[in-house]
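Here is how names work: the chains are called A, B, and so on, in the same order as the sequence lines, proteins then strands, and each is numbered from 1.
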Protein chains: 2
Amino acid sequence: MASTGDDRPAPPVPPAPGAAFLLTQIGSQAAARFAERTAELDLTPPQVGLLRAVAVAPGRSQQALARHLGTPPSRLVALVDGLDERGLVERRRNPDDRRLHALHLTEAGHDLLRRIAEVGQAHNDEVCAALTEEERSTLTALLARIAADHDLTPGVHPGYRRL
Amino acid sequence: MASTGDDRPAPPVPPAPGAAFLLTQIGSQAAARFAERTAELDLTPPQVGLLRAVAVAPGRSQQALARHLGTPPSRLVALVDGLDERGLVERRRNPDDRRLHALHLTEAGHDLLRRIAEVGQAHNDEVCAALTEEERSTLTALLARIAADHDLTPGVHPGYRRL
DNA sequence: GTGAATGGTTATGGCTGCGAACGATCAGCA
DNA sequence: TGCTGATCGTTCGCAGCCATAACCATTCAC
């Protein structure tokens, strides 16, 4: 087996994880927890993201939405389908360009979005439970700086996955 | 179409994202970026996690590893297979209990882990590029408090996904 | 020595998301 | 007006990944 050199205290392995690792670790867990919460509303995180995106800018086409969210248009179709069947969003054909499907929230969609806002608030409190109010602000400020530095689209996050 | 109530500035929708959202957004992007970096070493993030776990505590059985990493044992098999074929880890049968496969890093595995440490360092710098040294420490401290509050196993993060 | 329990492996199935084609519609141009 | 190329939405097929469930080998309890 040759000399494998085990039995040492492991040199540079666990010398306190850096900020980047903690970021991914906590971020992943927070995303999973958020997915659990939204599942109680029968929504997946991508659906929530779509609802929010439609609410922020109603009337956009699916192509525009897809570009904004960074997802292939074919993925949006199924997403919109589910929300459409439940009466949360609706596709309105544009009379001027009948290729376009302008997306709008229904009244039920707006109501649900309000509940989502409450859930998001509770989620945020849960994540930050260990911090004081002041610490939360400094944390948020630092994170916002990082996000801006990486050109992350505000309100959109790349590729969340299943529950 | 009933009254859908569009055309308003969208009330509680984008009033500055909270810390939890920024956490998942940045964490997801950081994970993807890290996956890109490790891909240059022909490694996936789960493989890196396994290498680290084996290095920290050599000689553990696959079952113990699986419990520690929070993954089904069958997932570990394929993971270990890939690393074993490349001569990075080796399965040693325990003479006392020949069911057990004690996992150890080979010399090549140790070498690669050192390169991974460098990559991780560079990745950490990239993520925190917008912050001063002092700000990085405060950020890391805050994140560590959150991680501890959520009982996250140090050095292990739940469910990372593909590239 | 027999049966239950444990470690590891393999096989199967389901889910998901992407990319490539397809029909519909529109714009430009002669 | 008719033709051509581009754009939008949709559908379909494929491949990757992961988990669950059976499946051998080995060991432990009695």
Side-chain angles (χ1 to χ4, degrees), chain A residues 28 31-32 35 38-39 42-50 53-54 57 59-85 89-104 156-163, chain B residues 28 31-32 35-36 38-39 42-50 53-54 57-85 89-104 156-163:
Chain A
S28 171
T38 58
D42 281 305
L43 289 175
T44 65
Q47 287 176 322
V48 172
L50 178 56
V54 173
R60 276 195 287 188
S61 73
Q62 297 186 189
Q63 292 276 346
L65 251 321
R67 278 190 296 270
H68 179 245
L69 296 175
T71 184
S74 61
R75 184 154 152 55
L76 256 192
V77 176
L79 226 46
V80 175
D81 280 348
L83 265 39
D84 188 9
E85 292 169 2
V89 303
E90 58 181 15
R91 302 184 226 234
R92 299 189 197 159
R93 294 216 87 112
N94 186 335
D96 295 339
D97 187 343
R98 308 218 323 276
R99 295 173 301 180
L100 301 182
H101 281 178
L103 295 184
H104 295 262
V156 178
H157 63 159
Y160 16 6
R161 304 298 171 197
R162 76 192 115 285
L163 170 58
Chain B
S28 172
E36 287 180 17
T38 58
D42 281 307
L43 289 175
T44 64
Q47 286 176 322
V48 173
L50 178 55
V54 173
R60 277 196 287 188
S61 73
Q62 297 185 191
Q63 291 277 344
L65 252 320
R67 279 190 297 269
H68 179 245
L69 296 175
T71 183
S74 62
R75 186 151 150 56
L76 258 191
V77 175
L79 227 46
V80 174
D81 280 348
L83 266 38
D84 188 7
E85 292 168 2
V89 303
E90 57 183 15
R91 302 184 227 234
R92 300 189 196 160
R93 293 215 89 110
N94 185 335
D96 295 339
D97 186 342
R98 309 218 320 276
R99 294 173 302 181
L100 300 181
H101 282 176
L103 295 183
H104 296 261
V156 178
H157 63 160
Y160 15 8
R161 304 298 172 198
R162 78 193 111 285
L163 171 58

Taking the side chain of [X] as its heavy atoms from C-beta onward, which of [options] lies nearest to it?
{"X": "B/Arg75", "options": "D/dG9, D/dT11, D/dC18", "answer": "D/dC18"}
{"X": "A/Pro73", "options": "D/dT27, D/dT10, C/dC26", "answer": "D/dT10"}
{"X": "A/Ser74", "options": "D/dA19, D/dT11, C/dT25", "answer": "D/dT11"}
{"X": "B/Arg99", "options": "C/dT10, C/dC18, D/dT27", "answer": "D/dT27"}
{"X": "B/Pro72", "options": "D/dT11, D/dA19, C/dC26", "answer": "D/dA19"}

Take the protein atom [atom1] of [X] and the nucleotide atom [atom2] of [N], then report the distance between them rounded to whole Å.
{"X": "B/Leu79", "N": "C/dT10", "atom1": "CG", "atom2": "P", "value": "14 Å"}
{"X": "A/Asp81", "N": "D/dG9", "atom1": "CG", "atom2": "P", "value": "13 Å"}
{"X": "A/His101", "N": "C/dT25", "atom1": "NE2", "atom2": "C1'", "value": "11 Å"}
{"X": "A/Arg93", "N": "D/dC8", "atom1": "CZ", "atom2": "P", "value": "13 Å"}
{"X": "A/Gln62", "N": "D/dT11", "atom1": "CD", "atom2": "P", "value": "10 Å"}
{"X": "B/Arg60", "N": "C/dG8", "atom1": "CZ", "atom2": "P", "value": "12 Å"}
{"X": "A/Leu100", "N": "C/dC26", "atom1": "CG", "atom2": "C1'", "value": "10 Å"}
{"X": "B/Leu76", "N": "D/dC17", "atom1": "CG", "atom2": "C1'", "value": "15 Å"}

A/Arg99: salt bridge (charged side-chain N to carboxylate O under 4.0 Å, His left out) partners, not counting sequence neighbours: A/Asp97

Distance-only side-chain donor-acceptor flag, A/His101 / A/Arg93, under 3.5 Å: yes

Residue met sooner reading DNA chain C from 5', once B/Arg91 and A/Gly70 are mapped to nucleotides: B/Arg91

Nearest-nucleotide comparison on DNA chain C, the residue closer to the 5′ end among B/Ser61 and A/Arg98: B/Ser61

Shortest non-hydrogen contact between B/Leu76 and B/Ala66, atoms and distance: CD1-N, 3.5 Å

Sugar-phosphate only, base, or nothing, as touched by A/Gln63 at under 4.0 Å among non-hydrogen atoms: base

Pairwise side-chain contact, B/Asp81 with B/Val77, heavy-atom cut-off 4.5 Å (strictly under): yes

Between NE2 on residue B/His157 and CG on residue B/Leu69, distance to nearest 0.5 Å: 9.5 Å

